[in-house]
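To start, the structure itself, in structure tokens.
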Amino acid sequence: MKMDASIPVQKNVDYEMNIDSLGINGEGIGRIDGFTVFVEGALAGERVLVKIVKVTKSYAYGKLLHVIQASKYRIEPKCPHYKRCGGCQLQHLAYEAQLNYKRQLVKDALERIGRLEDVKVNPTIGMDDPWSYRNKAQFPVGLVKNRLAIGFFAARSHDLIDVQSCPIQHGITAKVNSLVRRFINTYNVPVYDESTHKGIIRHVVTRVGFKSNQLMVIIVTKGDLPRKRELVDILREGIPGITSIVQNIQNEKTNVILGKGNITLWGKNHILDAISDLKFKISPLSFFQVNPVQTEKLYAKALEYAALTGSEKVIDAYCGIGTISLFLARKAAKVYGVEVVEQAIEDAKENARLNGIENAEFIEGESEVIIPRLARLGLHADVVVVDPPRKGCDEALLKTIVEMAPDRMVYVSCNPATLARDLKFLTENGYRLGEVQPVDMFPHTSHVECLVLMSRMDK
């Protein structure tokens, strides 16, 4: 292959370079003779030795060989699997610096994608103890060199890493996995093979109520599960007080972890947990924020931005099981929650009953379809809250919000890039951006949650 003379680096050649900043996935970014090089594991302010492993016309990827001059924020990762596991990206960066990085990530996206300048981006709200914070864990199951492995996939691959414990998960998950290992090994239950689409056990999923101390274990299978009774006995004996044991059936050849069918093998078909003083029913397929400590901070800020007085009509798009909706309902005249997942809507209705809230109505369907329909029927919302998936809001929904012209809009986002895109649309169509509040829902990863306050320009 002929080399482009304008590209100053070559594949499989070592170079020294300085790292200037961190990218959207936590990777170091620097330049060699003005040519951009991405280096996973390197930190801003470091001088490093790298081997170039991939070259394109406009950038290259380097493998970190040696840190010549380390950043003052570089620390030793807590997890022994950190360098291989794809779950965390920032354990080698001191937590204070992680929070600063995430604030800058948001600012950069707003400026580069949204063309929004001079935006007030508050310091990231972090955790006092950023470990063992996840209430939901999903562990793929398979064979590695003919040995049982339960763990996580390596970064950018489906190479399974056998993990005994994970420091960002609730501690009970390690016990659950050890018991499932014993079950599989004792009864020779076949585990799933992605390449052949054969085997039975695909994933082990745990859901934990941090305030209720309730535990759900979900065994994801391809088809029937043998020795169900023995599995139940092992889990109940090993974890006294377990609340729910569920088999989820995923027959499809897909990366989607959970299928639509659930069989309750023992106990209840849900667990309960609380955010602040509100109780929530969580089913196997329910969306529920994975960091309960930070969720309380997130929702408190959402309520502050909504600035409800008790007379407002509120629409909560992508409402899930009604978590934000019910917080809003206690301060509003009426809340309409919209969500496409049928089970989530059923849970939302049950959660309203559970908390004695009667002014929240939940509607099943796509937000970009249901909310325009509500608008055509004459509903005018004073406040709209959106909490979309990573792809952001559908443009049809944004257009409807603009036409409905609520006084305020609270945008909750898990993706700064799509957030910036949507804010650009809103600011070009009659809305003023107030302030942005990053919240660290996912410590030690490159992900960040944001809340944004938008107000009508004519108000």
Side-chain angles (χ1 to χ4, degrees), residues 102-103 105-107 109-110 113-114 116 119-122 124-126 275-276 278 280 286-308 312 314-332 335-341 344 348 360 362 366-368 371 381-394 397-398 400-401 406-427 431 433-442 445 447-455:
K102 293 184 181 187
R103 181 190 190 192
L105 201 66
V106 175
K107 291 180 71 173
L110 295 178
I113 299 170
L116 300 163
V119 176
K120 181 183 179 184
V121 180
N122 294 323
T124 308
I125 297 175
I275 303 173
S276 188
L278 287 176
F280 294 96
S286 297
F287 172 78
F288 193 70
Q289 292 281 7
V290 300
N291 187 330
V293 173
Q294 293 298 86
T295 299
E296 290 199 19
K297 300 173 185 177
L298 185 80
Y299 289 179
K301 184 59 71 170
L303 273 175
E304 177 189 323
Y305 283 176
L308 301 174
E312 294 87 358
V314 181
I315 290 177
D316 179 16
Y318 312 98
C319 71
I321 63 172
T323 48
I324 294 181
S325 300
L326 298 184
F327 274 83
L328 297 166
R330 297 195 297 184
K331 302 283 187 179
V335 174
Y336 299 87
V338 183
E339 169 60 50
V340 70
V341 179
F362 295 99
E366 296 178 338
S367 290
E368 54 267 27
I371 294 173
D382 303 291
V383 177
V384 171
V385 177
V386 297
D387 186 2
R390 290 190 61 79
K391 68 178 182 178
C393 293
D394 189 280
L397 174 59
L398 294 177
T400 299
I401 292 171
D407 294 338
R408 291 176 302 287
M409 179 179 174
V410 181
Y411 195 132
V412 184
S413 168
C414 60
N415 186 341
T418 55
L419 170 67
R421 179 202 66 199
D422 292 350
L423 294 185
K424 184 175 187 290
F425 179 91
L426 291 166
T427 54
Y431 278 83
L433 199 163
E435 67 178 47
V436 181
Q437 179 60 69
V439 180
D440 190 22
M441 299 289 287
F442 316 101
T445 78
H447 302 296
V448 60
E449 200 92 359
C450 282
L451 294 109
V452 182
L453 171 61
M454 305 289 290
S455 304

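From a predicted model like this one, the values you see are computed outputs, not experimental measurements. Every heavy atom of this structure was used, including side-chain atoms; hydrogens, water molecules and symmetry mates were not.
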Under the criterion side chain to side chain contact (heavy atoms under 4.5 Å, CB included), I'd like the reasoning laid out for Gln289 against Leu298: C-alpha separation, chi angles, the key distance, then a yes or no. CA-CA 10 Å; Gln289 292 281 7; Leu298 185 80; 3.8 Å; yes
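- Rounded to the nearest 0.5 angstrom, Leu328 CG and Leu303 CG are separated by 5.5 Å.
- With a 4.5 Å cut-off on side-chain heavy atoms, Phe287 and Val341 do not count as touching.
- Between Glu339 and Gly320, the closest heavy-atom pair is OE1-N, 2.9 Å.
- Summarising the geometry of Asn122 relative to Pro438, their closest heavy-atom pair is O-CD, 3.2 Å, with the distance given to 0.1 Å.
- The distance from atom SG of Cys393 to atom CG of Leu426, rounded to the nearest 0.5 Å, is 8.0 Å.
- Using a 4.5 Å heavy-atom threshold, the side chains of Met409 and Val383 count as separate.
- Within the model, atoms CD of Glu366 and CG of Leu397 stand 11.0 Å from one another, a figure rounded to the nearest 0.5 Å.
- For residues 289-301, the salt bridge (Lys or Arg N to Asp or Glu O under 4.0 Å) pairs, not counting sequence neighbours, are Lys211-Glu296, Lys301-Glu304.
- Distance alone, capped at 3.5 Å, is enough to place a donor-acceptor pair between the Thr418 side chain and the Arg390 backbone.
- When all heavy atoms of Thr124 and Arg103 are compared, the closest pair comes out as OG1-N, 3.4 Å.
- Applying the ring-ring contact (aromatic ring centres under 6.0 Å, His included) rule to Phe362 yields no partners; only residues at least two apart in sequence or on another chain are considered.
- Among all heavy-atom pairs drawn from Val314 and Ala332, the shortest one is CG2-CB, 3.9 Å.
- Counting heavy atoms from C-beta on, the side chains of Glu449 and Val412 come closer than 4.5 Å.
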Please assess Asp382 against Arg408 for the test side chain to side chain contact (heavy atoms under 4.5 Å, CB included), listing each intermediate value before the final yes or no. CA-CA 7 Å; Asp382 303 291; Arg408 291 176 302 287; 5.7 Å; no
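- The structure places CD of Glu368 at 9.5 Å from OG1 of Thr400, a figure rounded to the nearest 0.5 Å.
- Aromatic ring pairs are classed by plane angle as parallel below 30°, tilted from 30° to 60° and perpendicular above 60°; the pair Phe288 and Phe280 is tilted.
- One finds the CG atom of Asn415 at 9.5 Å from the NE2 atom of His447 (value rounded to the nearest 0.5 Å).
- For the pair Val338/Asp316, no side-chain contact is recorded, criterion being any heavy-atom separation below 4.5 Å from C-beta on.
- For the pair Val436 and Leu433, the tightest heavy-atom approach, listed with the atom from each and the gap, is CG2-CD2, 3.9 Å.
- By the 4.5 Å heavy-atom criterion applied to side chains, Val386 and Ile401 are counted as neighbours.
- For the atom pair SG (Cys450) and CG (Leu105), the distance works out to 8.5 Å, reported to the nearest 0.5 Å.
- Put simply, the side chain of Pro388 reaches to within 4.5 Å of the side chain of Tyr411, judged on heavy atoms.
- Contact of the Phe442 side chain with the Gln294 side chain is not registered, since no non-hydrogen atoms from C-beta on lie closer than 4.5 Å.
- A cation-pi arrangement is present between Arg330 and Phe327 under the rule of less than 6.0 angstrom and at most 45 degrees off the ring axis.
- A 4.5 Å side-chain heavy-atom check between Lys102 and Thr445 finds at least one atom pair inside the cut-off.
- Of all heavy-atom pairs between Ala109 and Pro416, the closest is CB-O, 3.6 Å.
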